[in-house]
Participant: 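Attaching a single structure in structure tokens format; questions to follow.
Residue numbers start at 1 and run along the sequence shown.
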Amino acid sequence: ASDVSVLWLPLPRSLLTCRTAEPLEYHRSFLKENCRPDGRELTEFRTTTLNIGSISTADGSALVKLGNTTIICGIKAELANPTVEAPGKGYIVPNVDLPPLCSSRFRPGPPGEEAQAASQFIADVIESSEVIKTEDLSIDRGKLCWVLYCDLMCLDYDGNILDACVIALLAALKNTRLPEVTINKETSAPEVNLEKRRELQIHKHLVSASFCIFDDSILIADPTAEEETLSTAHLTVVTDEDDRLCSVHKPGGTSLSGERLQECISRATTRQREIQKLIDKVAHSVKKAQ
């Protein structure tokens with residue numbers, strides 16, 4: 001007979017629940033304890049890192065990592081003719097690309113629904129907030145203006161691409177330098193001086209904060225791709241440095257009480273200050289290194 005006795009203790013339910021077979025129950029086991037599988041609190045954002053000026057061939061660029069989600073933004077300025085309706089304005093054309101390399105959920109071919117929705121969201125935010133006034137892009141009224149093509153590509157998809165896109169866009173715009181353009185009086189042709197460049201004037205420092213609703217009641221910030229899939233609603237709040245609400249984007253799903261919406265707005269204003277501080281710090285270090 002053996003003198004060793006074995007004591008069997010029941011495992012916690014959170015460990016018994018299979019993440020693959022029952023992902024929703026797996027997440028619920030954490031949410032009941034007011035935390036998440038990655039260790040974050042419910043309204044905590046993932047670590048955000050930023051690199052500015054990483055694309056030497058672009059007029060402005062930035063790379064953002066929000067947890068594992070990675071977005072790179074390159075801005076290319078081109079000369080064009082203004083429209084008849086807006087002779088004293090230029091254009092800003094954003095485009096979000098979600099290629100197959102960033103996630104197995106995307107397929108080769110034309111932009112999918114999520115990419116198109118993200119591009120439209122960015123375009124609406126630019127227009128409604130006037131982060132850059134298109135009048136500043138005019139060179140010769142009715143004849144010549146700048147078009148800023150803002151290409152945002154996802155390199156790694158793990159949820160919440162809207163927040164990462166807004167940060168990358170703002171940082172890239174702050175990094176953009178437009179060459180000096182003069183009009184030749186004799187030929188009326190534009191002459192571009194690549195040696196002399198000017199910064200864009202940023203009128204609003206926009207930051208978005210995205211949230212998800214679990215089980216129609218639990219609010220979480222900065223959702224991962226898995227959390228987005230399991231949630232019952234998504235919400236993105238965009239604010240500026242004056243705590244002004246610039247945009248609220250909620251594509252269907254569970255309704256949200258006024259109290260919960262105010263909670264999201266309050267968290268978004270705090271997030272705005274955090275991200276603006278990060279962008280200013282990185283932009284200053286880049287200028288110092290030049």
Participant: Any pair with a residue in residues 236-250 that passes salt bridge (charged side-chain N to carboxylate O under 4.0 Å, His left out), sequence neighbours left out, goes on the list, sorted by first then second residue, please.
Facilitator: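 Sorted result for residues 236-250: Lys204-Asp240, Lys204-Asp242, Asp240-Arg244, Asp243-Arg273.
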Participant: If the threshold is 4.0 Å, N to carboxylate O, is there a salt bridge linking Arg40 and Glu227?
Facilitator: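 Yes, charged N to carboxylate O under 4.0 Å.
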Participant: My understanding is that only residues two or more places apart in sequence, or in another chain, count here; which of them pass side-chain contact (heavy atoms from CB on, under 4.5 Å) with Ser128?
Facilitator: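 Result, side-chain contact (heavy atoms from CB on, under 4.5 Å) vs Ser128: none returned.
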Participant: Using the test ring-ring contact (aromatic ring centres under 6.0 Å, His included), find all partners of His205 that sit at least two apart in sequence or belong to another chain.
Facilitator: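 Checked His205 against ring-ring contact (aromatic ring centres under 6.0 Å, His included); zero matches.
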Participant: Mind checking what makes side chain to side chain donor-acceptor pair (under 3.5 Å) contact with Thr229, not counting sequence neighbours?
Facilitator: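 In terms of side chain to side chain donor-acceptor pair (under 3.5 Å), with neighbours along the sequence ignored, Thr229 is linked to no residue.
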Participant: Show me the pairs that pass salt bridge (charged side-chain N to carboxylate O under 4.0 Å, His left out) and involve residues 138-163, at least two apart or across chains.
Facilitator: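 Every salt bridge (charged side-chain N to carboxylate O under 4.0 Å, His left out) pair that includes a residue of residues 138-163, provided the two are not neighbours, is Arg46-Asp158.
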Participant: Does any pair with a residue in residues 194-203 pass side-chain hydrogen bond (donor to acceptor under 3.5 Å, both in side chains), and if so which ones, sequence neighbours excluded?
Facilitator: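 The answer is Asp59-Arg197, Asp136-His203, Arg177-Glu199, Glu199-Lys287.
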Participant: Once salt bridge (charged side-chain N to carboxylate O under 4.0 Å, His left out) is applied, what residue pairs with a partner in residues 251-262 remain, sequence neighbours excluded?
Facilitator: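 Residue pairs passing salt bridge (charged side-chain N to carboxylate O under 4.0 Å, His left out), neighbours aside: Arg260-Glu263.
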Participant: With side-chain hydrogen bond (donor to acceptor under 3.5 Å, both in side chains) as the rule and sequence neighbours excluded, what pairs involving residues 67-88 come up?
Facilitator: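 side-chain hydrogen bond (donor to acceptor under 3.5 Å, both in side chains) check on residues 67-88 returns Lys65-Thr70.
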Participant: Taking only residues two or more places apart in sequence, or in another chain, which ones meet Pro100 in a side-chain contact (heavy atoms from CB on, under 4.5 Å)?
Facilitator: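 Only Pro108 meet the side-chain contact (heavy atoms from CB on, under 4.5 Å) criterion with Pro100.
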Participant: According to ring-ring contact (aromatic ring centres under 6.0 Å, His included), who are the partners of Tyr157, at least two apart in sequence or on a separate chain?
Facilitator: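 Testing Tyr157 for ring-ring contact (aromatic ring centres under 6.0 Å, His included), a comparison that skips the adjacent residues, returns Phe106.
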Participant: Could you name each residue pair satisfying salt bridge (charged side-chain N to carboxylate O under 4.0 Å, His left out) that touches residues 92-112, not counting sequence neighbours?
Facilitator: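 As it turns out, the salt bridge (charged side-chain N to carboxylate O under 4.0 Å, His left out) pairs with a partner in residues 92-112, which skip direct neighbours, are Arg105-Glu114.
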Participant: Run the side chain to side chain donor-acceptor pair (under 3.5 Å) test against Thr232 and tell me which residues pass, sequence neighbours left out.
Facilitator: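 Checked Thr232 against side chain to side chain donor-acceptor pair (under 3.5 Å); matches are Asp216, Thr254.
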